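Structure, as structure tokens:
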Amino acid sequence: MFYRENGQFKTSYAADQQIFPVLQDKWAILGLLLVAFVLVPFMFSDYTFKAVLIPFLIMSLGAIGLNILVGYCGQISLGTGAFMAAGAYAAYNFHVRFEGMPLILSLIGGGLVSMLVGVLFGLPSLRIRGLYLAVATLAAQFFMDWLTSRAAWVSNYSSSGSVSAGKLSVFGMAIETPVQKYLFCLAILCVLGLMAKNLVRGAIGREWMAMRDMDVAASVIGIRPMYAKLSAFAVSSFIVGIAGALWGFVHLGAWEPAAFSLDRSFQLLFMIIIGGLGSIVGSIFGAAFFVLLPIFLTQVPHWLGLPLSTATATYLEHMVFGALIVFFLIVEPHGLAKLWATARQKLRLWPFPH
Amino acid sequence: MSFKKAVIAAATAALGLGAMMAAPVAQAQEQFVPLLVYRTGQFAPLGIPWGDGKQDYLKLVNAKGGINGVKIKFEECETAYDTAKGVECYERLKGRDGGASGFDTQSTGITFAVTDKAAGDKMPVITPGYGLSQSADGKVFEWNFPLLGNYWTAADSIVQDILKKEKGNLKGKKIALVYHDSPYGKEPIALLQKRAAKDGFELMLLPVTAPGVEQKSTWLQIRQNRPDYVLLWSAGVMTPTAVREAQATGYPREKMYAIWWGGSDHDVKDIGAGAKGYNTVTIHNTAERDKVHDDVKATLYDKGQGTASDVKELGQLAHTRGMMIAMLQVEAIRTAQEKYGKGKVMTSEQVRWGLENMNMTQERLNELGFGKMIRPFKTSCENHLGADWARIATWDGSKFNVTSDWYQSDKTLIDPLVKEYAEKYAKEKNVTPRSCS
């Protein structure tokens, strides 16, 4: 009913290969983008932008990056926080060491450095896989923790090892207000999200998926494991690095190494598991689940006027959040993206299910 | 299947209900004071009494009729010592109920992140005893108030106490700094290096990875090198671990000096006699009990309105410090009211003026019940520190006793350091220092 596709004929390969082949989807997405870019900036308070939407957008980007590596290429990584840190600190160094360095170039520089770090720590993936690799990428996390807190040049010799980004601007436009920051993050998410989507649809994405599904078979049919795995590490850590740079520059403004701790790695990994492995939209769902839900849950006792102590409310939030994770994994082990796909499938047949 | 549907329906209903309840509550003529706390997480043992102390004092002020009749409304927000969560709390509370009066962020990391936003939001950041050391310079840091002392003044006071013990000569001595490997733990290094150069002692830097339970290798180094004194820049679980390690390695506890956050009763209570002789620097004189404690007990705890579940918490170092911090905030609001109208709710900008023009005389402190704890101090446009007196307290096996005279940090060392780092910050951030004349 909502997805009636009859009458939509594809007469060329190009038409058949679109990201959203169904017309309704395409309009829905365009509508969503329109709302996000045009309406949302007028709809919410500064708090919502700064504390809810901006972290949500940045985490979505991070989750997309990680999903390429874990969801599409099957290389489990626990080093996401490290790659974010690499991006953030590298961008910071580009920013402070080169007078007048444009923000975009700093961010891309951060992404590229993170990419190098990612490839370096991806090298073990050529020999080991699965949980063993996860432990190997953990080394990246410990290494970055050590580097960012011990090597003084990383933080430009700040007295305490904590760094802060200066004023931000892009093409002469200042990025100061929450709305500007939101739009900036949204734009980056759209560009990189589109790039990621196209990569995973293309030949390289299929190589990654072949690697994930069975690496021996993939190499037999002529896919080079080294190229496929390392490119997945490179693309993934590039995106994650940019997310890290945004987290430091745009969201926190000033940060210490603890901002990219192991917890961050776990959080992102859980995001993509809840959201849906091997799905771009799933990364966004997962980020929403992990960023928005806890904030919502902390507010609930306040709204209901329950006189709970802060600690009790926090523990309650953890319990409810944990229960919801278990619930969603039982209802749909393949993540929120699969739930969404099922819903979409039902909408196609509605009101005549069979 | 139907169960699944029911749950989904219920969840949707709950979400909708929540959204409806979000409507703002009617505004009242109350001064809003946000409280950032960590009652959960690895630093909770310190965060709980600290948060309770802040609340107790604000309740006391309300019970006595508020600030010239203006009642204080406060709300806690849990940060779990996490910077991102703290930023969320800051954003959530800064505009609530007519605007917050200022933030005591209770964490170095959150202070860094909030400092960046404070100037834009016109929001004072009050960090008594912690935060950015260089923010004592009011010309560059218009919105930061590290009242009563920072990590540099603490380190300096400790070194002075050691100097006194060593009869004024530290040549050839070794002093180790065992620190939490985070910006918090690194804050004193800049000053200690200057002190080492001046007094001729050797400074050993021994970082401990957060959260600080793994200290075996650190104490092995201490056993090998036998430093004459150990300074401990620790927090949370790191402190009792360090004391136990010292006990195990046989390092004399008398030669250990902790920063004020490493000197809370709960840190050493369980070790008891094993920690005898352990020293901590107290910001002003927080190991002391004063009239305010009796006041809080009579007004709140005897009526069952105290925040802490156990009245014994009253008088603990961290609790007292919380009360002191709340008192400074309340007095800043009171000072602001004197200029902008008594009995009115102050905006954050007016509170900032109050913070910058505080004049706490001995009479006023006596009146408040803090006379034995704090020495009189004044803040000004240039000086956001107010005063930087500190004392040393020593654990006698069951409680902390003040064992030293007052120390004031060495201006000739600290002032140039504050200036140097403030200038560096101003340059990085393109802040033009304001004129204070």
Side-chain angles (χ1 to χ4, degrees), chain A residues 45-52 55 96 142 145-146 149-150 152 155-167 176-178 247 251-259 261 263-264 291 294-300 302-305 309-315 317-318 324 327 331 339, chain B residues 4 7-8 11 14-15 17-18 20-22 35 37 39-41 44 48 51 75-78 80-85 87-92 94-95 108-109 111-117 120 132-134 181-187 189-190 207 209-210 307 417 421 424-425 428-430:
Chain A
S45 63
D46 279 5
Y47 163 71
T48 317
F49 283 113
K50 281 191 182 174
V52 182
V96 294
F142 294 138
D145 276 356
W146 172 82
S149 59
R150 297 289 166 79
S155 53
N156 198 19
Y157 304 98
S158 97
S159 62
S160 58
S162 171
V163 299
S164 65
K167 290 214 169 6
E176 277 164 358
T177 65
W247 188 255
H251 179 48
L252 296 177
W255 69 95
E256 52 180 5
S261 63
D263 287 350
R264 193 71 63 218
V291 176
I295 293 176
F296 171 76
L297 286 175
T298 46
Q299 304 273 44
V300 169
H302 180 75
W303 290 331
L304 297 178
S309 84
T310 318
T312 319
T314 309
Y315 291 131
E317 173 213 329
H318 287 319
L324 281 173
F327 170 74
V331 173
L339 216 57
Chain B
K4 206 193 298 183
V7 173
I8 290 169
L15 281 166
L17 191 70
M20 266 156 51
M21 305 288 277
L35 301 175
V37 295
R39 291 176 181 278
T40 63
I48 292 169
E75 184 178 325
E76 282 196 346
C77 185
E78 173 67 29
Y81 205 81
D82 179 74
T83 304
K85 271 193 187 172
V87 168
E88 195 265 320
C89 283
Y90 169 81
E91 295 294 344
R92 189 196 311 170
K94 73 176 184 202
T108 305
T111 308
F112 278 102
V114 168
T115 297
D116 245 35
K117 303 170 193 276
L132 284 152
S133 301
Q134 66 267 39
D181 200 2
S182 67
Y184 152 67
K186 285 180 193 161
E187 277 285 336
I189 295 176
T209 319
T307 314
L417 212 55
Y421 279 98
K424 192 176 167 216
Y425 180 91
E428 257 179 41
K429 294 289 202 167
N430 288 326

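Naming: A, B, ... by sequence-line order, numbering from 1 per chain. Only a predicted model underlies this, so the values are computations on that prediction, with no experimental measurement involved. Atoms considered below: every heavy atom in the structure, side chains included; atoms not considered: hydrogens, waters and symmetry mates.
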Under 4.5 Å heavy-atom distance to chain B, tell me which part of [X] shows up: side chain, backbone, both or neither.
| X | answer |
| --- | --- |
| A:Ala165 | backbone |
| A:His318 | side chain |
| A:Trp146 | neither |
| A:Gln299 | side chain |
| A:Tyr315 | side chain |
| A:Thr314 | side chain |
| A:Asp263 | neither |

Quick one: list whatever passes ring pair (Phe, Tyr, Trp, His ring centres under 6.0 Å) with B:Tyr81, sequence neighbours left out.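 B:Tyr38, B:Phe43.
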For B:Tyr425, all residues meeting ring pair (Phe, Tyr, Trp, His ring centres under 6.0 Å), sequence neighbours excluded: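 Only B:Phe141 meet the ring pair (Phe, Tyr, Trp, His ring centres under 6.0 Å) criterion with B:Tyr425.
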Any idea which of A:Glu317, A:Arg150, A:Glu176, A:His251 has the most non-hydrogen atom pairs under 4.5 angstrom with chain B?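 Highest number of heavy-atom pairs under 4.5 Å: A:Arg150.
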Mind checking whether [X] and [Y] have side chains closer than 4.5 Å, heavy atoms only?
| X | Y | value |
| --- | --- | --- |
| A:Leu252 | B:Val87 | yes |
| A:Thr312 | B:Arg39 | no |
| A:Lys50 | B:Lys94 | yes |

Under 4.5 Å heavy-atom distance to chain A, tell me which part of B:Cys77 shows up: side chain, backbone, both or neither.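 Interface part for B:Cys77: backbone (N, CA, C, O).
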What part of B:Tyr421 gets closer than 4.5 Å to chain A, counting heavy atoms only: side chain, backbone, both or neither? side chain
Would you tell me whether B:Glu187 and B:Ser133 have side-chain atoms, one donor and one acceptor, within less than 3.5 Å of each other?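 Distance-only check passes for B:Glu187 and B:Ser133.
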Side chains of A:Thr48 and A:Ser45: donor-acceptor distance under 3.5 Å anywhere? yes
Taking all non-hydrogen atoms of both residues into account, name the closest pair between B:Glu76 and B:Gly51 and its distance. OE2-O, 4.2 Å
Flag the one option from B:Lys117, B:Glu91, B:Glu78 with the top tally of heavy-atom pairs under 4.5 Å to chain A.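 Going by pairs under 4.5 Å, I would pick B:Glu91.
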